[in-house]
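Contents: one structure, followed by commentary.
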Amino acid sequence: MNSPVEVMKSKKRNVLEKYVNDFRKEKLFTSNVDAILILDLSGLSVEMNSSFERLTGYTNEELKKITFQSLIQMEDLDNYLNYFYKSVLGQYHHFDCKIKNKFGEITDLNVMNIPIAVEGQIVGIQMIAKDITHLNKKKEEIRKIEDFHRVMSENVMDIMLTTNIMGNIFYISPSCQTILGYQSDELVGKHLSILIHKDDKEKAFCDREKLITNLECNRGTYRFLRKDGSYAWVESICKPVMDRDTQNISEVVSVIRDITEHVKAEEELCTWRKAYRDIVEKSPDAIVMAKNDKILFINEMGINLLKANHAKDVIQKSILDFIPTGYHTKAKERMMLISKGETTNFSEYEIIRMDGSTFTAEIKSIPTFFQNEPAIHVIIRDITERKKTQELLHNSEKLTIAGQLAAGIAHEVRNPLTAIKGFLQLMEAQINNKTYFSIIQSEMDRIELILSELLILAKPQDLKFERENLNSLIEEVKTLIDTQAIINNVQIYIVNEYQDLVVRCDRNQLKQVFINFLKNAIEAMPEGGLVTIEMKKLGENKLKIFFKDTGIGIPQSIFKRIGEPFFTTKENGTGLGIMISKQIIENHNGTVHFWSDKKGTMIEVILPIDNKQ
């Protein structure tokens, strides 16, 4: 005999089957795209629609034999049973679970349990299941993308910024603390304009208006305020995000990069470029930029030196057009060396000007870049005046030596000649035949005439005194001697607080003196050093010029003999330079003084000033 509980279950099962028979006839059950499964209160399958069969791969009869809960994955089983028994008590529940279908494939389901009540009693459960495998995969992909974006935005060095169309900040990544010094929550809700430099706001708002109007990405460079009050240069790339439904801008996403160091580097590079351009354009030497042998640039000094009217008269011409044919091979060899990255030393060339005249120049070539391409930086220095001065100095030394030798010879010959003439007069008084005496006398007179002509060499040359600007003369001398100074690692400085110092002098001879003093100073410093030319007034009518070097000085034993003819410590010296220089200064109504110790040598020249206008 069955127990009351079993009788009750049997009655409910009969009621459920009647319900199922009626429900099976309804279109809602047969054609529903959702999978429907009806379970009794024990969890056994009673009926399923075709959608459920397709979902699980089991037929109705097969599923009745194995039960639905056997398909549930172990990790979801407790959750399934919990919601099933709650439904038995009359509760509706939604939950997700995973099942393994007949083919061993895992399917994600969203399940809704609906209690089946007949005449106020729960007789079974109607389970409606949706396959959410694809949806879950999409959610997982979205989650991964969101995680990726979160990790990227939180760890990327650039600032990720989101604003609404009005410019209010929705989100700003943590990197804003590194770049601007703010915590993210200090800026969220604030308007973007509080970060922009006042001088950049108009440009920033104009760029944003174009972005909103044209619905396109844009890029801009601005200054953003740091928390400490300083500003950082940033580059901002902005993109509008459209709402799919309304096709209106929902937000603006910006990527902001700190370019402060880049801007500083650009500014520094610009400063260096300007300085380089100024040096080239205002150089006292002619500067030419060339690629291979074609001239690309020439400065103002070069235009004047080549006697061209404009730069365009020279640009695109070949360097070889300005060099005589005999120098072409040498020039091509130098250009080949430059193309390999080598720097050449100064070499002498004859240069042909635009008018056909020529001059002697020193040329130095340096590899460089012009307009971002390899090029040759050519320095052209006119040395015509220097060569004339050197020749003048050389000839002056030779004439002085000849004069000194002539004076010595005349002096030495005249002494015995005087004695001979005296004794000849005594002999003439004692001898009657005077025929030969007149011949001897005339020959001795001729010897005296020759001696007088020799002495002309020893006399100072006629000086051409003119009013000259001493500042200009000193600068010219420095320019002439600079090359030798650089070769010997010597620096020459001019110290002068007076702009217009005018003296009456023979320009070439005074230049010869200053060159001689500077050459001696350079030669006294074989390891390099410093030469200072200092000018000071001495009262109202005189000036002092000091030539100071930092050489080893002159020993006292030698110092006493400075200015003595033919005395020199140089291997190839004549010993006449200082003597000639002193003589020239004295011919200009001036004086020269020398001082020397272990710290160097100083020469003081005192000359009268010409105050007449």
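In what follows, every heavy atom counts, from backbone to side chain, and hydrogens, waters and symmetry copies are set aside.
- Using a 4.0 Å cut-off between charged side-chain N and carboxylate O, Glu604 and Lys544 make a salt bridge.
- Ionic pairing of Lys511 and Glu476 is present here: one or more N-O contacts between side-chain nitrogen and carboxylate oxygen are shorter than 4.0 angstrom.
- Atom OG1 of residue Thr221 and atom CD of residue Glu235 lie 5.0 Å apart, to the nearest 0.5 angstrom.
- Expressed to the nearest 0.5 Å, how far CG of Asp382 lies from CG of Asn304 amounts to 12.0 Å.
- Considering only residues two or more places apart in sequence or on other chains, Arg504 meets the side-chain contact (heavy atoms from CB on, under 4.5 Å) condition with Phe465, Arg467, Asp610.
- Lys317 NZ: 12 or fewer foreign heavy atoms inside a 6.0 Å radius.
- A distance of 6.0 Å separates CD1 in Ile584 from OG in Ser581, rounded to the nearest 0.5 Å.
- For Tyr222 and Asp207, the side-chain atoms include at least one donor-acceptor pair closer than 3.5 Å.
- Between Thr360 and Glu350, some side-chain heavy-atom pair lies under the 4.5 Å cut-off.
- A cation-pi arrangement is absent between Lys330 and Tyr327 under the rule of less than 6.0 angstrom and at most 45 degrees off the ring axis.
- Taking 4.5 Å as the limit, some side-chain heavy atom of Arg208 sits within range of a side-chain heavy atom of Leu192.
- Shown here for Thr601 and Ser596, the closest heavy-atom pair between the two residues is OG1-OG, 3.0 Å.
- The minimum heavy-atom distance between Ala286 and Leu305, with the atom names listed, is CB-CD2, 3.8 Å.
- Although no hydrogens or angles enter the test, the distance criterion places a donor-acceptor pair under 3.5 Å between the side chain of His328 and the main chain of Leu320.
- Taking CG from Leu306 and CD1 from Ile295, the interatomic distance works out to 7.5 Å, rounded to the nearest 0.5 Å.
- Inter-residue side-chain proximity for Glu267 and Val263 is flagged as met; some heavy-atom pair is nearer than 4.5 Å.
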TODO: List the steps, then state whether side chain to side chain contact (heavy atoms under 4.5 Å, CB included) holds for Leu470 with Leu543.
DONE: CA-CA 10 Å; Leu470 191 64; Leu543 66 91; 3.8 Å; yes
*Residue pair Ile494, Glu475: steps toward the side chain to side chain contact (heavy atoms under 4.5 Å, CB included) verdict*: CA-CA 8 Å; Ile494 298 175; Glu475 286 290 345; 3.5 Å; yes
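- Under the 3.5 Å distance criterion, the side-chain polar atoms of Asn471 are matched with a main-chain donor or acceptor of Tyr498.
- With contacts defined as side-chain heavy-atom distances shorter than 4.5 Å, the pair Thr260/Tyr231 does not qualify.
- The environment of NZ in Lys203 is crowded: more than 12 heavy-atom neighbours from other residues, nucleotides or ligands sit within 6.0 Å.
- In summary, Lys264 and Glu266 do not engage in a salt bridge, as defined by a charged side-chain N under 4.0 Å from a carboxylate O.
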Practice task
Applying side chain to side chain contact (heavy atoms under 4.5 Å, CB included), run through Leu180 and Lys227 and close with a yes or a no.
Solution key: CA-CA 6 Å; Leu180 302 178; Lys227 191 172 182 178; over 6 Å; no
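- To the nearest 0.5 Å, atom NE2 of residue His377 and atom CD1 of residue Ile379 are 4.5 Å apart.
- No donor-acceptor pair closer than 3.5 Å links the side chain of Asn292 to the backbone N or O of Lys294.
- Here the straight-line distance linking atom CG of Asn299 with atom CE of Met289 works out to 9.0 Å at 0.5 Å rounding.
- Using a 4.5 Å heavy-atom cutoff, the side chains of Phe224 and His197 are not in contact.
- A 6.0 Å sphere centred on NE2 of His593 holds more than 12 heavy atoms belonging to other residues, nucleotides or ligands.
- When all heavy atoms of Lys519 and Ile481 are compared, the closest pair comes out as CG-CD1, 3.6 Å.
- Using a 4.5 Å heavy-atom threshold, the side chains of Lys201 and Phe205 count as touching.
- Between the side chain of Asp200 and the main chain of Arg223, a donor-acceptor pair closer than 3.5 Å is present.
- Defined by atom type and a distance below 3.5 Å, a donor-acceptor pair is present between the side-chain atoms of Arg334 and Tyr349.
- Scored by the side-chain hydrogen bond (donor to acceptor under 3.5 Å, both in side chains) test, Ser472 finds no partners at all (sequence neighbours excluded).
- Atom CD1 of Ile552 sits in a sparse spot, with 12 or fewer heavy atoms from other residues, nucleotides or ligands closer than 6.0 Å.
- Minimum interatomic distance between Leu296 and Ile315 (heavy atoms only, all atoms of both residues): O-CD1, 3.7 Å.
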Practice item. Evaluate side chain to side chain contact (heavy atoms under 4.5 Å, CB included) for Val592 paired with Phe517, printing each intermediate quantity in order. Key: CA-CA 11 Å; Val592 182; Phe517 289 162; 4.2 Å; yes
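- With hydrogens and angles ignored, the 3.5 Å screen pairs no side-chain donor or acceptor of Asn516 with any backbone N or O of Gln512.
- Using a 4.5 Å heavy-atom cutoff, the side chains of Arg257 and Val234 are not in contact.
- Minimum interatomic distance between Val378 and Ser365 (heavy atoms only, all atoms of both residues): CG2-OG, 4.2 Å.
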- prompt: Taking it one step at a time, do Glu466 and Arg507 satisfy salt bridge (charged side-chain N to carboxylate O under 4.0 Å, His left out)?
  reply: CA-CA 8 Å; Glu466 294 178 354; Arg507 184 181 186 86; over 6 Å; no
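- Classified by interplanar angle (parallel below 30°, tilted 30° to 60°, perpendicular above 60°), the ring pair Phe297/Phe370 is tilted.
- The two residues Asp313 and Met354 have their closest heavy-atom pair at O-CE, 3.8 Å.
- A donor-acceptor pair shorter than 3.5 Å cannot be found between the side chains of Glu586 and Thr591.
- No side-chain heavy atom of Ile515 sits less than 4.5 Å from a side-chain heavy atom of Lys478.
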